[in-house]
Protein chains: 2
Amino acid sequence: MAHGGKPQPMKGIRQLADHLDISIGTVSRALNGKPDVNEETRKRVLAAAEQLGYVANQSGRSLRQGTTNVIGLMIQSSRETVENSDNFFLTVTGGLQSVFSRHNLDLIMLPCPNDEDPYEYLKRMVARRVVDAMIISETQRIDKRFDLLAKAKIPFAALGRSLSGAQHPWADLDFDGVANCAVDRLVAHGHRRIAISTPASDINLGFVFVEGYRRALERHGISYDPALVIRAKSSEQGGYQVADELLRVDDRPTAVILIYELMAIGLYRRMMETGIIPGRDIAVVGFREAPRAKFLQPPLTCFRTSLHDLGVELAEILLSSMPAYSHIYPKTRRQTIWPLELVPGESDAFQRTSIK
Amino acid sequence: MAHGGKPQPMKGIRQLADHLDISIGTVSRALNGKPDVNEETRKRVLAAAEQLGYVANQSGRSLRQGTTNVIGLMIQSSRETVENSDNFFLTVTGGLQSVFSRHNLDLIMLPCPNDEDPYEYLKRMVARRVVDAMIISETQRIDKRFDLLAKAKIPFAALGRSLSGAQHPWADLDFDGVANCAVDRLVAHGHRRIAISTPASDINLGFVFVEGYRRALERHGISYDPALVIRAKSSEQGGYQVADELLRVDDRPTAVILIYELMAIGLYRRMMETGIIPGRDIAVVGFREAPRAKFLQPPLTCFRTSLHDLGVELAEILLSSMPAYSHIYPKTRRQTIWPLELVPGESDAFQRTSIK
DNA sequence: ACGCGCTCCGTAAACGTTTACGATACTATG
DNA sequence: CATAGTATCGTAAACGTTTACGGAGCGCGT
């Protein structure tokens with residue numbers, strides 16, 4: 001028994017062991033809940049650790065057991081993306097962390113600089129061995145990153161499905177379901193000529209979205225017209241351009257489905273400028289629901305979901321694919337298509353008087 | 001000279017050294033740019049590292065030199081906070097990372113669980129020695145976390161000023177300046193009875209905001225009435241409550257300044273419900289500017305700033321206080337009050353017919 | 001008395017790096 | 001030629017932890 005207080009700021013497990021007159025190995029085993037240690041000495045160790053404020057040095061532990069207790073979240077942090085993505089990422093992240101923190105896992109954000117190739121960036125991060133697993137977002141249609149991670153034997157899950165490696169774990173919003181529902185609704189209102197917006201980049205969600213739209217049209221016996229698929233940025237300016245495109249197309253569409261609700265701002269504005277009333281002359285359906293959607297006049301018909309819970313699901317999918325946790329999260333579903341709920345507004349509520 | 005390709009996935013610096021027939025020490029020195037190594041062998045080493053895809057293991061390096069190359073960003077990740085904070089954190093984070101990534105520093109988000117005391121949480125994170133420095137957000141009026149970090153000798157910078165440790169590095173939005181400007185504008189329009197909203201928690205920004213408001217009133221010879229300071233959550237519901245409070249106060253105010261623009265949704269709604277027209281019967285000024293502010297009818301008068309650049313500034317302030325980087329970022333300013341620019345809307349544009 | 005199994009604990013090796021220190025070869029200087 | 005100085009490199013210790021291995025003590029059955 002030495003002195004009682006906090007003499008030094010606690011250098012390491014060695015000091016703790018000396019203070020207890022126990023070997024360092026036993027202390028380690030006691031702290032980590034290993035079986036071969038007397039219950040009473042374990043209590044003593046835990047009490048001393050608590051009192052002296054000892055917490056294991058992460059670097060030492062990582063070096064020894066080759067695991068870092070860190071999950072990486074890769075995002076393409078283009079400034080424009082971030083400023084437009086609203087609270088999307090942070091909300092999903094909150095869900096991720098609510099799961100990870102239960103297992104003392106830290107989440108580290110790995111933003112790929114704009115001027116670097118995402119693949120090379122990820123390769124570097126993987127080589128540094130700073131993460132135990134990865135979450136990949138903004139998945140491309142064919143995404144080499146999956147092969148890289150698989151080859152490096154790093155567990156991962158994707159926020160967004162992809163064509164490459166369909167067997168990989170992922171969670172994704174139900175883009176095709178939403179497109180389906182939107183088309184159904186618009187057709188029920190008498191619309192036959194329905195446009196849709198999709199991102200200009202080769203991010204996969206755009207393809208899924210359009211594919212759902214195409215199939216829904218087919219189901220209603222409406223022929224698919226590529227001219228009605230309008231590529232534009234997912235931003236206010238993008239919405240403005242979509243409106244311009246709409247007006248330019250022959251046989252002007254009577255409805256439009258937006259991939260991202262923020263685009264409605266620009267769309268509405270451009271429509272007003274040209275004397276077209278959204279919700280009366282052209283029906284509008286937006287993709288996500290956000291607080292700001294309530295500002296729109298007329299209120300935007302859109303789709304709501306809990307991104308937080310999507311994050312939870314994604315975290316559990318990831319953990320279920322990690323050997324150390326798969327006993328806690330059994331591999332039931334390894335892919336999830338996350339449902340959204342229709343929030344009827346007034347932007348598509350009018351009954352179209354059929355012209356034919 | 002061994003074989004040329006990529007035989008193994010590169011185990012460590014040892015393998016690289018063997019492959020080059022050079023000692024491991026020299027390889028390390030070559031890679032780290034140390035002076036006592038022949039320029040030609042350095043080139044050979046770098047080439048081989050590139051070819052074999054060698055990247056130093058972070059754990060080993062951290063353990064040896066006691067530095068992790070990781071900056072922690074602590075946030076209180078209450079689900080409500082996150083969902084309401086819009087893109088605030090992520091945008092600031094983007095600015096932080098644009099600086100950090102230049103120095104190969106990773107940013108790790110450390111979200112304090114709702115049910116844990118932030119101080120204890122930070123203490124644990126500090127003890128694990130997983131970060132070289134910290135960025136503290138949502139600073140309280142008096143915030144023990146600063147003392148903790150100072151005692152642990154961990155460099156830090158705060159997003160938001162505080163009363164405790166005024167000498168610490170921080171960057172903060174110009175809350176008092178905004179309050180000042182808002183009051184000036186409203187007084188110029190003939191308002192004398194001006195209410196203000198402030199968060200219910202003891203986060204410091206609320207105090208700064210109200211203090212600026214109080215001083216501005218004083219300057220105009222208007223007496224400060226505590227009944228006009230309305231505490232409410234920074235959310236849509238909070239705005240709804242603010243409207244209710246406004247109507248309940250004797251000698252009803254003719255103007256209100258909101259701490260957070262999202263509150264305007266609820267405020268407008270409640271006003272409409274009671275037959276009061278925002279921007280005509282009561283003037284409204286909001287704090288930040290966000291894309292959604294453009295939805296409001298009448299458009300909200302508010303204040304714009306670049307949160308990305310604020311993040312850049314904050315990162316530079318932090319680095320300037322870290323010995324390893326202070327030669328790159330000289331300690332010129334260690335505190336910054338970040339300016340905002342008025343975005344005139346129509347929510348406060350009417351000229352108040354003086355009743356007196 | 002002996003062996004066996006069990007519980008508990010100490011010892012020491014590893015993990016991959018950086019770096020202080022000394023060794024070597026070579027050059028310059030006296 | 002002797003010596004000092006310089007450039008370059010190899011050796012080995014150290015960082016803090018986990019864990020394989022073995023040993024001590026004990027109870028128990030033969």
Side-chain angles (χ1 to χ4, degrees), chain A residues 8-46 48-49 52-70 104 124 126-132 324, chain B residues 8-46 48-49 52-70 104 124 126-132 324:
Chain A
Q8 307 87 346
M10 180 56 29
K11 262 290 187 172
I13 201 176
R14 167 119 273 146
Q15 205 164 103
L16 184 57
D18 289 351
H19 176 257
L20 287 167
D21 270 325
I22 298 185
S23 93
I24 145 181
T26 305
V27 172
S28 174
R29 280 189 296 265
L31 291 173
N32 291 28
K34 292 300 165 69
D36 52 350
V37 46
N38 190 322
E39 264 319 308
E40 201 205 340
T41 60
R42 186 196 303 279
K43 273 190 200 126
R44 277 180 57 214
V45 171
L46 289 177
L52 300 187
Y54 169 79
V55 182
N57 179 305
Q58 186 62 48
S59 302
R61 161 179 291 174
S62 297
L63 182 55
R64 168 60 216 232
Q65 53 186 19
T67 183
T68 63
N69 280 10
V70 170
N104 271 16
R124 245 183 40 231
V126 164
R128 278 175 58 195
R129 307 228 152 267
V130 79
V131 296
D132 285 349
Chain B
Q8 308 87 346
M10 181 56 32
K11 263 286 184 175
I13 201 175
R14 166 120 274 144
Q15 204 164 103
L16 185 57
D18 289 351
H19 176 257
L20 287 166
D21 270 325
I22 298 185
S23 93
I24 144 183
T26 304
V27 172
S28 173
R29 280 190 295 267
L31 291 174
N32 291 27
K34 292 300 165 66
D36 52 347
V37 45
N38 190 323
E39 264 320 309
E40 201 204 341
T41 61
R42 186 195 304 279
K43 274 192 199 120
R44 277 181 57 214
V45 171
L46 290 177
L52 299 189
Y54 168 79
V55 181
N57 178 305
Q58 187 62 48
S59 302
R61 161 178 290 174
S62 296
L63 182 57
R64 168 62 214 230
Q65 54 186 18
T67 183
T68 63
N69 280 10
V70 170
N104 271 20
R124 245 183 40 231
V126 164
R128 278 175 59 194
R129 307 228 151 268
V130 79
V131 297
D132 286 348

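By convention in this document, chain letters (A, B, ...) are assigned in the order of the sequence lines, proteins followed by strands, and residues within each chain are numbered from 1.
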Would you say [X] and [Y] make side-chain contact, with heavy atoms under 4.5 Å?
{"X": "A:L31", "Y": "A:V45", "answer": "yes"}
{"X": "A:I22", "Y": "A:R44", "answer": "yes"}
{"X": "B:V130", "Y": "B:T68", "answer": "no"}

With sequence neighbours left out, what residues match A:E39 under side-chain hydrogen bond (donor to acceptor under 3.5 Å, both in side chains)?
A:R42
Using atom [atom1] of [X] as one end and atom [atom2] of [N] as the other, report the distance to the nearest whole Å.
{"X": "B:E40", "N": "D:dT8", "atom1": "CD", "atom2": "P", "result": "11 Å"}
{"X": "A:L20", "N": "C:dC9", "atom1": "CG", "atom2": "P", "result": "12 Å"}
{"X": "A:N38", "N": "C:dC8", "atom1": "CG", "atom2": "P", "result": "5 Å"}

Check this for me: A:R124, atom CZ, are more than 12 non-hydrogen atoms of other residues, nucleotides or ligands nearer than 6.0 Å?
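Enclosed.
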Identify whether any heavy atom of A:S62 sits under 4.0 Å from a base atom; if not, whether one sits that close to sugar-phosphate; answer base, sugar-phosphate or nothing.
nothing
For each nucleotide in nucleotides 14-26 of chain C, reading 5' to 3', give B when a protein heavy atom comes within less than 4.0 Å of its base, S when such contact involves only the sugar-phosphate, and - otherwise.
BBBBBBB------
What distance separates B:L63 CG from A:R61 CZ, expressed to the nearest 0.5 Å?
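One finds 13.0 Å between CG of B:L63 and CZ of A:R61.
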